[in-house]
Number of protein chains: 2
Amino acid sequence: MLTRSEEDHIKAVHALLEVGGSASTTEVAERLGTKASSVTVMLKKLADKGLMKHEPYYGVKLTAKGKAAALMLVRKHRLWETFLVDRLGFGWEEVHEVAEQLEHVRSTKLIDSLSEYLGNPAFDPHGDPIPDRNGRFPSRSTVLLTDCPLGAAIRIAAVQDGSDGLLQLLNRKGIGIGMELAVAARQEFDGSVDLQPAKGATITLSAMVAAHLLVEATGTKAKSSH
Amino acid sequence: MLTRSEEDHIKAVHALLEVGGSASTTEVAERLGTKASSVTVMLKKLADKGLMKHEPYYGVKLTAKGKAAALMLVRKHRLWETFLVDRLGFGWEEVHEVAEQLEHVRSTKLIDSLSEYLGNPAFDPHGDPIPDRNGRFPSRSTVLLTDCPLGAAIRIAAVQDGSDGLLQLLNRKGIGIGMELAVAARQEFDGSVDLQPAKGATITLSAMVAAHLLVEATGTKAKSSH
DNA sequence: ATTATTTTTTAGGCTTGCCTAATCTTTATT
DNA sequence: AATAAAGATTAGGCAAGCCTAAAAAATAAT
Ligand SMILES: [Mn+2]
Ligand SMILES: [Mn+2]
Ligand SMILES: [Mn+2]
Ligand SMILES: [Mn+2]
């Protein structure tokens, strides 16, 4: 049985491996707000427990067992976030901290019932995919808004690494998951993009914001750029 | 800010004061599955924090601050139990352990939203009263089934200290909170009682079970015993 | 190739929360 | 009242998780 701290380390390692392919001691420490020396000890312990493979001085990889544990935590975290937003009326920028606690509650019946209660959602309030009880992710093809051709018809699919501040900004701009828009313009100078909703005023997003938005092509009215 | 262990100690002390008017070191230890020596130290710490008054060798009382903390924990525990039963379809004998974890999740917004989402319930699945956000209990007058006059028309109000085993027994007998019955007979020999539902067969409960059931008089058809 | 810098690990400490064993205190028995 | 028993506290230890400081290894810069 894993302690809360062990779970947090596994989750951090998993998240780092997802994006960068490697998880270093310092990166894990930064993410958890602890020191590298503490992380070294913990990762060694988790390696002894068979959840990770620890190559001293070269970082760590998850074993199948470790990966399964990580995916279950991701599942729990995202299901709770979905509950908080869909059922309790939390804003998407308010849920992370609470889900960070709820994800550690131990009960498989609880999490499976919760999933069913929510209609077995495939994506959380930030558009992040929710693994099913076997650890499988829903499939979907997305692209960064930054890389979207001019004129493309798109749907907002997810906000990547959304800090509360970024999410609040999107609230104020009226941008949310599932929203359909057209890429109306892109400024050479600063990389900002103008998005055109079906009705209403154009929304301008900075390059910095666009780099955090994953979108799906809605296909129908896409126009290739030239 | 209180640790999980501190919270568990406060809750245990509160529960003991409720029933017996006193909370001894050993009683707290039994309840928490720890040793008296550990409890002594913890209670002293909580006294230093202003949550309890510790009279060495004579047990402990809660201060106003300590009582408020205890009531908030009771509130959280019972709201989560209600959520698990009403929304997630848990049986009332399955919820205690999970609620024991959920009650420690820290977020006032969470608990107030949850309460509202559930319709601000006044009683949990076991019939126990849920304090409101100010720590006030709903009022209700109940009596032990054991003390009920023969012929009385009653409604099952609560199961006191219901172990999972007792709750399962009640499931099998078809007894649940809110059920209306008449006290049809009581055996001198073993103190068992026969209960008559509006329709269906008579249900016999042992004295041991009856001693755990709180009931309300439904008034209308009450007949005093003689 | 050395040397300097950065990263990781090891060593030694500290706090929390638990334990056992020994020492009071209080309460019950003779 | 003296003694026995029960209950509570103190003393000393231990494991988990964290820290800082020192040592070791890998990487970068001359
Ligand atoms: Mn967490
Ligand atoms: Mn999320
Ligand atoms: Mn608890
Ligand atoms: Mn209950």
Side-chain angles (χ1 to χ4, degrees), chain A residues 1-17 19-62 66 69-70 73 100-101 103-104 106, chain B residues 1-17 19-62 66 69-70 73 100-101 103-104 106:
Chain A
M1 216 215 44
L2 299 172
T3 66
R4 171 163 182 171
S5 177
E6 289 172 336
E7 287 187 340
D8 281 336
H9 280 79
I10 290 169
K11 226 182 48 154
V13 167
H14 177 258
L16 287 166
L17 292 176
V19 304
S22 75
S24 75
T25 311
T26 13
E27 285 171 320
V28 173
E30 261 167 33
R31 206 166 248 267
L32 298 179
T34 61
K35 295 303 164 96
S37 54
S38 307
V39 172
T40 299
V41 176
M42 183 57 98
L43 295 188
K44 208 189 312 178
K45 185 170 68 157
L46 289 169
D48 288 347
K49 284 196 175 190
L51 294 152
M52 299 182 178
K53 197 119 196 185
H54 188 210
E55 229 34 284
Y57 290 100
Y58 287 93
V60 81
K61 301 283 171 188
L62 290 174
L73 285 165
E100 203 61 41
Q101 299 178 61
E103 73 190 0
H104 299 289
R106 228 174 294 281
Chain B
M1 217 212 44
L2 300 172
T3 66
R4 172 165 180 168
S5 177
E6 288 171 337
E7 287 186 340
D8 281 335
H9 280 79
I10 290 170
K11 225 181 49 154
V13 167
H14 177 258
L16 288 165
L17 291 177
V19 302
S22 75
S24 75
T25 310
T26 12
E27 286 171 320
V28 173
E30 260 166 33
R31 205 166 249 266
L32 298 180
T34 61
K35 296 303 166 91
S37 55
S38 308
V39 172
T40 299
V41 176
M42 183 58 96
L43 295 189
K44 209 190 309 177
K45 184 168 70 154
L46 289 170
D48 288 348
K49 284 197 176 190
L51 294 152
M52 299 181 176
K53 197 121 196 182
H54 188 210
E55 225 41 279
Y57 291 101
Y58 285 94
V60 82
K61 301 282 170 187
L62 289 175
L73 286 165
E100 203 61 41
Q101 299 178 61
E103 74 190 359
H104 299 288
R106 227 175 294 281

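Residue numbering restarts at 1 for every chain, and letters A, B, ... go by the order of the sequence lines. Everything numeric in this text was worked out from a predicted model, so none of it was measured.
- To the nearest 0.5 Å, atom NE2 of residue A/His104 and atom OG of residue A/Ser5 are 9.0 Å apart.
- Within 6.0 Å of atom NZ in B/Lys49, more than 12 heavy atoms from other residues, nucleotides or ligands are found, so the atom counts as buried in its surroundings.
- Within the model, atoms CG of B/Leu51 and CD of B/Glu6 stand 8.0 Å from one another, a figure rounded to the nearest 0.5 Å.
- Closest to the side chain of A/Thr26, from the set C/dT26, C/dT7, D/dT9, is C/dT7.
- Remark: B/Lys44 does not engage B/Asp48 in a salt bridge, criterion side-chain N to carboxylate O under 4.0 Å.
- Rounding to the nearest 0.5 angstrom, the gap separating the CG atom in B/Leu73 from the NZ atom in B/Lys11 is 7.0 Å.
- A donor-acceptor distance shorter than 3.5 angstrom exists from the side chain of A/Lys61 to the backbone of A/Gly21, with no hydrogens or angles considered.
- Nucleotide C/dG17 holds its P atom 4 Å from the CE atom of B/Met42, rounded to whole Å.
- One can place OH of B/Tyr57 at 9 Å from P of C/dC24, the figure rounded to the nearest angstrom.
- Taking side-chain N and O atoms only, A/Thr3 has a distance below 4.0 Å to OP1 or OP2 of D/dG17.
- Residue A/Lys35 places at least one side-chain N or O under 4.0 Å from the OP1 or OP2 atom of D/dT20.
- Between the P atom of D/dA24 and the CD atom of A/Glu55 lies a distance of 21 Å, rounded to the nearest Å.
- Spacing between atom NE2 of B/His9 and atom P of C/dT16 amounts to 14 Å, rounded to whole angstrom units.
- Backbone-only engagement by A/Thr25 is indicated by non-hydrogen atom pairs under 4.0 Å involving sugar-phosphate atoms exclusively.
- Put simply, B/Ser24 has a side-chain N or O that comes within less than 4.0 Å of OP1 or OP2 on D/dA8.
- Relative to the side chain of A/Tyr58, the nucleotides D/dT9, D/dT20, D/dT27 differ in distance, and D/dT27 lies closest.
- The nearest whole Å value for the distance from the CG atom in A/Asp8 to the C1' atom in D/dA16 is 15 Å.
- Nearest to the side-chain atoms of A/Thr40 among the listed nucleotides D/dC18, C/dT9, C/dT20 stands C/dT9.
- With rounding to whole Å, A/Arg4 atom CZ is found 10 Å from D/dC18 atom P.
- Atom NE2 in A/His104 sits about 15 Å away from atom C1' in D/dG17, given to the nearest Å.
- Between B/Ser37 and the phosphate of C/dT20, there is no side-chain N or O to OP1/OP2 separation shorter than 4.0 Å.
- Put simply, A/Lys45 has a side-chain N or O that comes within less than 4.0 Å of OP1 or OP2 on D/dG17.
- Computed from coordinates, the B/Met1 CE to C/dT15 P distance equals 18 Å when rounded to whole Å.
- Between B/His54 and D/dT9 there is a side-chain polar atom (N or O) within less than 4.0 angstrom of OP1 or OP2.
- Nearest-nucleotide mapping onto DNA chain D: of B/Pro56 and A/Gly33, the residue sitting toward the 5' end is B/Pro56.
- At C/dT10, one or more side-chain N or O atoms of A/Lys44 fall inside 4.0 Å of OP1 or OP2 (strictly under the cut-off).
- Dashed line: the shortest gap from a side-chain N or O of A/Ser38 to OP1 or OP2 of D/dG17 is not under 4.0 Å.
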